[in-house]
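Each chain gets a letter, A, B and so on, in the order its sequence line appears, and its residues count up from 1.
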Amino acid sequence: DQQVKQNSPSLSVQEGRISILNCDYTNSMFDYFLWYKKYPAEGPTFLISISSIKDKNEDGRFTVFLNKSAKHLSLHIVPSQPGDSAVYFCAAIPRAGGTSYGKLTFGQGTILTVHP
Amino acid sequence: DGGITQSPKYLFRKEGQNVTLSCEQNLNHDAMYWYRQDPGQGLRLIYYSQIVNDFQKGDIAEGYSVSREKKESFPLTVTSAQKNPTAFYLCASSPRQPNTEAFFGQGTRLTVV
């Protein structure tokens with residue numbers, strides 16, 4: 001039962017263009033959404049997050065969009081750079097309270113390759 | 001310099017042996033987590049702990065055990081009952097408050113030989 005899904009295993013983009021990574025979720029109790037970036041043999045590093053009360057959050061080249069009715073979020077990277085090449089994971093946290101408090105559920109990840 | 005330290009980075013184990021992976025944090029976080037990464041499957045939650053002396057099973061707890069005797073430490077034991085233990089193991093911690101990110105260690109690659 002995959003509650004957070006990233007249906008594109010990989011994405012290839014030219015340097016300077018936009019990268020769009022997508023994520024879908026099924027659990028309506030998810031309240032907070034995060035994107036992590038991961039290099040091989042390293043731990044994930046936090047990129048950007050969004051609360052369910054917002055539909056957009058921006059941080060430099062990174063913007064996350066949330067469509068609650070569609071249970072869909074996306075990460076936009078503009079402009080893409082070769083150093084952005086990594087695996088990107090979306091994750092979700094349920095509302096506070098209960099035994100699932102703070103528990104992050106991750107998607108399968110999308111491998112982004114940015115070509116010079 | 002605050003962070004999460006996992007040791008060792010690489011670990012080899014013979015079949016049938018138990019092995020313990022170390023995770024220490026000095027971020028003063030209440031919550032700690034263990035995840036496992038396999039190719040194409042993302043990160044799957046093994047165990048998590050919200051406070052000292054308390055922990056809950058995640059989605060794939062079978063064959064694993066944990067303890068949380070100190071706030072800073074959350075060791076994971078991979079027992080011989082774990083049928084497919086070769087994987088990349090990640091430890092994380094977070095403050096025990098709503099809507100906050102978790103911070104990850106650098107991971108331990110466990111290989112069963």
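At a threshold of 4.5 Å between non-hydrogen side-chain atoms, the residues B:R68 and B:D54 do not count as touching. Residues A:I77 and A:L112 form a side-chain contact, since some pair of their non-hydrogen atoms from C-beta on lies under 4.5 Å apart.
Smallest separation of non-hydrogen atoms from B:Y48 and B:K57: CE2-O, 3.8 Å. In terms of heavy-atom proximity, B:Y33 sits nearest to B:S94 at OH-OG, 2.9 Å. Shortest non-hydrogen contact noted between A:D84 and A:Y88 is O-OH, 2.6 Å. Smallest separation of non-hydrogen atoms from A:D31 and A:F33: C-CE1, 4.2 Å. B:S93 and B:H29 get closest at one heavy-atom pair: OG-ND1, 2.8 Å. Of all heavy-atom pairs between B:R13 and B:V78, the closest is NH1-O, 3.3 Å.
Heavy-atom distances place both the backbone and the side chain of B:L43 under 4.5 Å from chain A. Of the two parts of B:Q37, only the side chain, counted from C-beta on, holds a non-hydrogen atom closer than 4.5 Å to a non-hydrogen atom of chain A. If you measure heavy-atom distances from B:D38 to chain A, you find no contacts under 4.5 Å at all. In this structure, the portion of A:Y36 lying under 4.5 Å from any heavy atom of chain B is its side chain and not its backbone.
Scanning residues 103-113 of chain B against chain A with a 4.5 Å non-hydrogen threshold yields B:F104, B:G105, B:Q106, sorted by number. Applying a 4.5 Å heavy-atom cutoff, the residues of residues 38-69 of chain A that approach chain B are A:K38, A:A41, A:E42, A:G43, A:P44, A:F46, A:S51. Of all residues in residues 11-25 of chain A, none places a non-hydrogen atom less than 4.5 angstrom from a non-hydrogen atom of chain B.
Within a 6.0 Å radius of NZ in B:K70, no more than 12 heavy atoms belonging to other residues, nucleotides or ligands are found.
At a cut-off of 3.5 Å, with distance as the only test, no side-chain donor of A:T26 or A:Q3 sits close to an acceptor on the other residue.
Residues satisfying the side-chain hydrogen bond (donor to acceptor under 3.5 Å, both in side chains) test with B:T20, not counting sequence neighbours, are B:T77.
Within the 3.5 Å criterion, the main-chain N or O of B:E69 finds no donor-acceptor partner in the side chain of B:S67. With hydrogens and angles disregarded, no donor-acceptor distance shorter than 3.5 Å links the side chain of B:Q50 to the backbone of B:F55. Within the 3.5 Å criterion, the main-chain N or O of A:V114 finds a donor-acceptor partner in the side chain of A:S85. In this structure, B:Q25 contributes its side chain and B:L27 its backbone to a donor-acceptor pair below 3.5 Å.
Contacts with chain A were tallied for B:G58, B:A102, B:C91; B:A102 has the most, counting heavy-atom pairs under 4.5 Å.
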